[in-house]
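Reading through the C-alpha cells given below for one structure.
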Amino acid sequence: MSAPVFATLGCRLNAYETEAMKELSAAAGVENAVIVNTCAVTAEAVRKAKQEIRRLSRENPGATIIVTGCAAQTEPETFAAMPEVARVIGNHEKMQAETWAGLKAPDLIGVTEKVQVDDIMSVKETAGHLIDGFGRHRAYVQVQNGCDHRCTFCIIPYGRGNSRSVPAGVVVEQIKRLVDKGFNEVVLTGVDLTSWGADLPAQPRLGDLVMRILRLVPDLPRLRISSIDSIEADEALMGAIATEPRLMPHLHLSLQAGDDLILKRMKRRHLRDDAIRFCEETRRLRPDMVFGADIIAGFPTETEEMFARSVDLVRECGLTFLHVFPFSPRKGTPAARMPQVRGPEIKERAARLRALGDAALASHLAAQVGVAHRVLMEGPRMGRTEQFTEVEFGADQPEGQIVTARITGFAGGRLVA
C-alpha cells in the first residue's frame, strides 16, 4: 500500500485545504488513494478537473479516486458519473476527520454512498485548520471561507457556502506557532477576505484582525493580505496600510470591469470611480503600494466601448499585476442567461488585456532598477520583494531568510539582483 496522491486545482485556499487533507488522511491511515481537489470558477476549470482525474487514474492503476473541492460541491453528479471516480466529497466534508476515517478501508468504498456532499449553505462555522507550515518559506493562514454576495457570473458561493470567519484568537495563536517554526511571512487567505468578522460577536472587521496580529505577534516580520474587495476596506485596514511597515505593500483587488453598467449587471457593489478613488487613496497612504487585479474580458452585453473603459481602468488605477479571465458562462448563474459576447471577441479582448498587463509589469520592473529591496528567499536563487515581485539572484542565498539586494536589471517578468 502507498501514501495518498494529492492533486490541487484552482486557488490558494484550495492549496491550503489540500495541506489540511494530507494531515487528516495521514491521521486516518488512508492508503492507495488519489485525491483531486477541484476548482469550479469557470467551465474550463471543470473540464481540466475531469482531464486530470482521467490522467491520474491511468498513472495510478488500482488506486481509489476521490474527488472533492468546489466543482465536486456544485456538480457532484458530473464526477459521480465518471467510471474512474469512487467517491465524491463536498467542501465541508473534506475538512472533517470522520470523513477520512470512513475512507480508511478501501474495500468499504464500493458499499458506502458514492456521493457525500451536503448542503454547503447549512454550514455555519469555518474550522481554523492548524497547518503548521504551508509552503516552505511563506505560510498561508485561512481566516475566512464562503461568500454572502451573489455576483451574477460566480458559482463559488454554491461551492463554498455563506461567509464564515475563524475567530481572531485562533488566527493569532496559529501565526505565533508559524513564527516559532521560523516562517518570516504569513499570508491571510479566504474566499471573501474583507467580509471577515461579520458573523463573529461584535462584528470586527478585517483591519481589526490585521492590527491585532501585528500587535500580538511582534516577531512576525511580514504580513500579507491576499485578494480583497476594495469597497469593503475598513478604516482600521486603511490605518494599517498607512502606519504598519510589516503589512506588505501589495494588494490584489477584485475589480472585474471598468464600466459601470457592466459592474451593475455583474451585481458588483462598487462603481468605476470607487475603484479609482481607492487606489489613489491607498497610494497616498502608502506610496510604494502596488496593485494586482482580476478583470473579466467579454462579460455578456459588453460592447467595445464598455471594454475600452476596462482597458482605461488599468492605467487609471495604476495596476501592475493583471489576472485576466475570458468570460465563461457557468450553468446556474444569471450571467449564463444574458446575451453572450462572441467567443472570438472574448478571446481577442482577453489577449489585449494580457498585453496591457505585460506592459504594466515591464514598467514596474524597469522602475525598480537601482533600488534596494528586502527579498524573502523562496529558493536558493529566487525570492520576492515586499511588493510581491519575483527576483532572480546570480548566486545562492539563504532560503527562507529576508535578504537586502540591489536590483541590477530585469528579464522574463522578473527582477535581477
Side-chain angles (χ1 to χ4, degrees), residues 2-22 25 30-95 99-100 103 106 109-110 113-117 120 134 153-160 191 294 296-298 323-333 335-336 340-344 346-351 353-354:
S2 58
V5 173
F6 284 83
T8 306
L9 303 163
C11 66
R12 278 287 180 190
L13 186 54
N14 247 17
Y16 179 92
E17 290 173 344
T18 291
E19 297 303 308
M21 287 192 286
K22 285 178 182 177
S25 64
V30 173
E31 295 179 317
N32 200 30
V34 172
I35 297 94
V36 184
N37 198 5
T38 62
C39 171
V41 70
T42 62
E44 176 66 7
V46 177
R47 189 190 69 79
K48 284 183 177 176
K50 292 192 279 191
Q51 194 176 46
E52 184 75 351
I53 289 162
R54 293 186 187 105
R55 181 185 69 80
L56 288 165
S57 178
R58 288 194 302 270
E59 293 178 0
N60 298 273
T64 299
I65 308 290
I66 300 165
V67 181
T68 187
C70 287
Q73 181 70 44
T74 57
E75 43 187 289
E77 65 288 343
T78 295
F79 298 97
M82 295 181 69
E84 297 88 352
V85 175
R87 286 290 283 275
V88 181
I89 297 172
N91 262 336
H92 178 61
E93 290 77 13
K94 74 182 183 185
M95 295 288 99
T99 301
W100 296 95
L103 294 172
I109 292 289
E113 191 178 351
K114 187 172 185 177
V115 177
Q116 196 174 341
V117 179
I120 196 75
F134 160 39
F153 55 84
C154 188
I155 198 77
I156 296 307
Y158 305 99
R160 290 285 177 182
V191 173
D294 295 331
I296 295 173
H323 194 177
V324 177
F325 291 88
F327 178 77
S328 169
R330 296 296 285 113
K331 186 180 175 183
T333 62
Q340 303 293 305
V341 177
R342 290 174 57 251
I346 294 175
K347 193 173 178 181
E348 189 268 337
R349 288 175 190 175
L353 274 176
R354 289 190 181 112

### Message
Going by the rule side-chain hydrogen bond (donor to acceptor under 3.5 Å, both in side chains), which residues pair with Arg342 if we only count those two or more places apart in sequence or in a different chain?
### Response
Glu345

### Query
In Å and rounded to the nearest 0.5 Å, what is the CD to CE distance from Glu19 to Met21?
9.5 Å

### Query
For the side chain of Gln340 and the backbone of Ser328, is there at least one donor-acceptor N/O pair under 3.5 Å apart?
no

### Message
I'd like to check the ring pair (Phe, Tyr, Trp, His ring centres under 6.0 Å) partners of Phe325; sequence neighbours left out, ordered by chain and number.
### Response
His323

## Note on the structure
Between the CZ atom in Phe79 and the CD1 atom in Ile89, the distance rounded to the nearest 0.5 Å is 13.5 Å

### Message
Nearest 0.5 Å, please: how far is CE in Met95 from CH2 in Trp100?
### Response
7.5 Å

### Task
Could you tell me the separation between the CD1 atom of Ile35 and the CG atom of Leu56, rounded to the nearest 0.5 Å?
10.5 Å

## Note on the structure
Those residues at least two apart in sequence (or on a different chain) that pass side chain to side chain contact (heavy atoms under 4.5 Å, CB included) with Ala350 are Ala297, Val324, Pro326, Arg354

### Minimum heavy-atom distance Thr38-Ala49, with the two atoms named
CG2-CB, 3.7 Å

### Summary
Here the salt bridge (Lys or Arg N to Asp or Glu O under 4.0 Å) pairs for residues 39-53, sequence neighbours left out, are Glu44-Arg47, Glu52-Arg55

### Message
Less than 4.5 Å apart, side chain to side chain, heavy atoms only: is that true for Val34 and Ser57?
### Response
no

### Task
Heavy atoms only: give me the nearest Asn14-Cys39 pair and the separation to one decimal.
ND2-N, 4.3 Å

### Query
Are Phe327 and Val341 side-chain neighbours, meaning at least one heavy-atom pair lies under 4.5 Å?
no

### Separation between OG1 of Thr68 and CD of Gln73, rounded to the nearest 0.5 Å
8.0 Å

### Task
Look at the side chain of Thr333 and the backbone N and O of Ile155, then say whether any donor-acceptor pair between them is shorter than 3.5 Å.
no

### Task
Please answer whether the main-chain N or O of Tyr158 pairs with a side-chain N or O of Thr74 as donor and acceptor at a distance below 3.5 Å.
no

### Message
Val5 and side chain to side chain contact (heavy atoms under 4.5 Å, CB included): which single residue from Asn60, Val36, Asn32 fits?
### Response
Asn60

### Message
For a 4.5 angstrom cut-off between non-hydrogen side-chain atoms, does Lys94 reach Asn37?
### Response
yes

### Minimum-distance pair of heavy atoms, taken over all atoms of Ala71 and Val46
CB-CG2, 4.2 Å

### Message
So, using side-chain hydrogen bond (donor to acceptor under 3.5 Å, both in side chains) as the criterion, who are the partners of Thr8 when residues are at least two apart?
### Response
Thr18

## Note on the structure
Contacts satisfying salt bridge (Lys or Arg N to Asp or Glu O under 4.0 Å) that involve residues 63-86 (not counting sequence neighbours) are Glu75-Arg330

